[in-house]
Amino acid sequence: MQVTFNVSRSAAAGNGAAGAAVSTYEVELAEAATVLDGLLKIRDEQDGSLAFRSSCDRGLCGGCAMRINKKGRLACVLPVRSISKNNIVNVEPVRCAPVAQDVRLDMERFHWRKMKKVQPWLSPRQTPSREHLLRDEELEETRAAMRCNNCGLCDEGCTVIVVDSEFLGPAALTKGFRFASDPRDGARLQRLRQLSEPGGVWDCTHCFEANGHCPQNIAPTDRIFQMRDEAILNGIKSGITNPKVARHYDSFAKSVRQSGWLDETRLAIESEGYGNLKGLLKLLPTAIKAMKRGKAPLPYLHAKRPGAEHITRIFEKAEEK
Ligand code: SF4
C-alpha cells in the first residue's frame with residue numbers, strides 16, 4: 001500500500017525547504033506494516049537525517065512513543081491500517097516535551113530528571129543477612145507498576161504538566177509508587193512525605209487522562225491515588241512546605257460532616273488559610289465572578305441538607321474505626 005507520512009521536523013532539517021516544520025514522504029509498505037516500519041523505511045531509503053527513537057520493536061521498551069494522528073502512541077505496535085483509512089500518517093513529538101531533534105525527545109529533560117527526584121531505587125529495611133522472601137500476593141501491586149517501560153505517554157496526556165512543567169507527572173509518580181509499595185523498602189514514609197511536597201501527588205487533578213494513555217494498563221492515576229490514601233493513613237496530609245493540601249482536606253471533611261454537602265466558599269477560604277491575607281486577596285476576583293453567577297454561596301450561609309445527621313454519623317463511625 002502507498003502511505004503518506006507527514007513528519008514534524010526541527011528547523012532546517014529534512015526534505016522540505018530550509019526551516020520546514022513538516023516533511024512529507026510517500027512510502028510503499030506491506031498491508032500489515034506498522035508506523036515504525038514506515039519511519040525506518042523512510043530513514044533507510046529517503047532521508048537519513050530523520051531523527052526518532054526506537055529499539056525493541058515489540059512495544060516493550062517504550063522508546064518509540066510519539067504523537068501519531070493526534071494521539072500519543074507507540075509506533076512499533078501500531079499498524080498503519082488501524083489509524084488511517086486514507087493512508088495518511090501524521091507524526092509529531094510527544095506534547096510538552098523538550099525535543100532533541102524532529103520526533104526524538106531530549107529524554108534527560110523530559111523524563112530522567114523527574115525520575116531521579118523520586119529516588120528510583122530500593123532502600124532495604126536493614127542489611128539483609130539472607131534473601132528477603134515474599135509471597136506472590138505481597139508484590140502484586142508493585143509488580144503492576146514494574147511493567148512501566150518509561151514511555152512517558154501518560155505524561156503526554158497529563159493535563160497538569162501542560163500548565164506546570166515542574167509537576168512530577170504520572171510517569172515519575174508511578175515510579176515512586178513502584179518503590180513506595182515495595183514491602184522490602186524501608187523508606188516508605190520518607191517517600192510519601194517527599195511525594196506530598198508541591199509538584200507531587202497532591203498536584204494531580206484526577207482527570208484520568210494518564211490511565212487512558214498508558215499502553216501497559218498500569219493506571220497511573222490510580223497509583224497516585226493509592227499513594228495519597230497511604231499518606232493519609234500514615235498521618236501525612238501534605239508535605240512540610242505544602243500545608244494548603246492538609247487545610248483543604250480538613251475543610252472539605254468539616255463542611256460535609258456538618259452540613260451534609262460541600263461549602264465551596266468556605267473550602268476556598270480555609271484552604272488558603274485565614275492568616276494568609278495575600279492568598280485570600282488573590283481569590284477575591286474569582287470569588288466575585290463566581291458569586292455573580294450563583295456559583296459560590298456567601299460564606300457560612302450554607303444550609304444543612306436534609307439527612308445531614310446521617311452523614312455526620314458516617315463520619316463518627318469512620319473515626320471510631
Ligand atoms: S505508566 Fe504507562 S504510560 Fe506512563 S511511562 Fe509507564 S508505561 Fe508509559
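Values in this document were obtained by computation on a predicted structure and should not be read as measured data. We count ligands from 1, going down the list as the structure has it; atoms in each ligand are counted the same way. The chain is numbered in sequence order, starting from 1.
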Which residue and non-hydrogen atom of the protein lie closest to [atom], and at what distance in Å?
| atom | value |
| --- | --- |
| atom 2 (Fe) of ligand 1 | C214 SG, 2.4 Å |
| atom 7 (S) of ligand 1 | N149 OD1, 3.3 Å |
| atom 8 (Fe) of ligand 1 | C151 SG, 2.3 Å |
| atom 6 (Fe) of ligand 1 | C148 SG, 2.4 Å |
| atom 1 (S) of ligand 1 | P220 CG, 3.7 Å |

* Asked: Quick check: does C154 put an N/O/S atom under 2.8 Å from atom 4 (Fe) of ligand 1?
  ->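 Checking atom 4 (Fe) of ligand 1 against C154, an N, O or S atom does fall under 2.8 Å.
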* To do: For Q216, take its heavy atoms, then give the atoms of ligand 1 lying under 4.0 Å from any of them.
  =>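 Taking each heavy atom of Q216 in turn, ligand 1 has 7 (S) under 4.0 Å.
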* Just which atoms of ligand 1 are under 4.0 Å from any heavy atom in P215? ->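 So the answer, numbered in order with elements, is 3 (S).
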* **Between S84 and N87: side-chain donor-acceptor atoms closer than 3.5 Å** =>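 No, no side-chain donor-acceptor contact under 3.5 Å.
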If the threshold is 4.0 Å, N to carboxylate O, is there a salt bridge linking [X] and [Y]?
| X | Y | answer |
| --- | --- | --- |
| E270 | R247 | no |
| D182 | R178 | yes |
| R95 | D155 | no |

* Measure from atom 5 (S) of ligand 1 to every heavy atom in G169, G157, G152 and give the option owning the shortest one. =>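 Selected option, by shortest heavy-atom distance: G152.
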* Hey, could you give me the CH2/OH distance between W202 and Y249, rounded to the nearest 0.5 Å? =>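 Separation between the atoms: 3.5 Å.
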* Asked: Does N90 reach the main-chain N or O of N69 with its side chain, forming a donor-acceptor pair under 3.5 Å?
  ->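 Between the backbone of N69 and the side chain of N90 there is no qualifying donor-acceptor contact (under 3.5 Å).
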* Asked: Regarding R104 and the six-membered ring of F52, is the cationic atom NZ or CZ under 6.0 Å from the ring centre and inside 45° of its axis?
  ->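 Here R104 fails the 6.0 Å and 45° test against F52.
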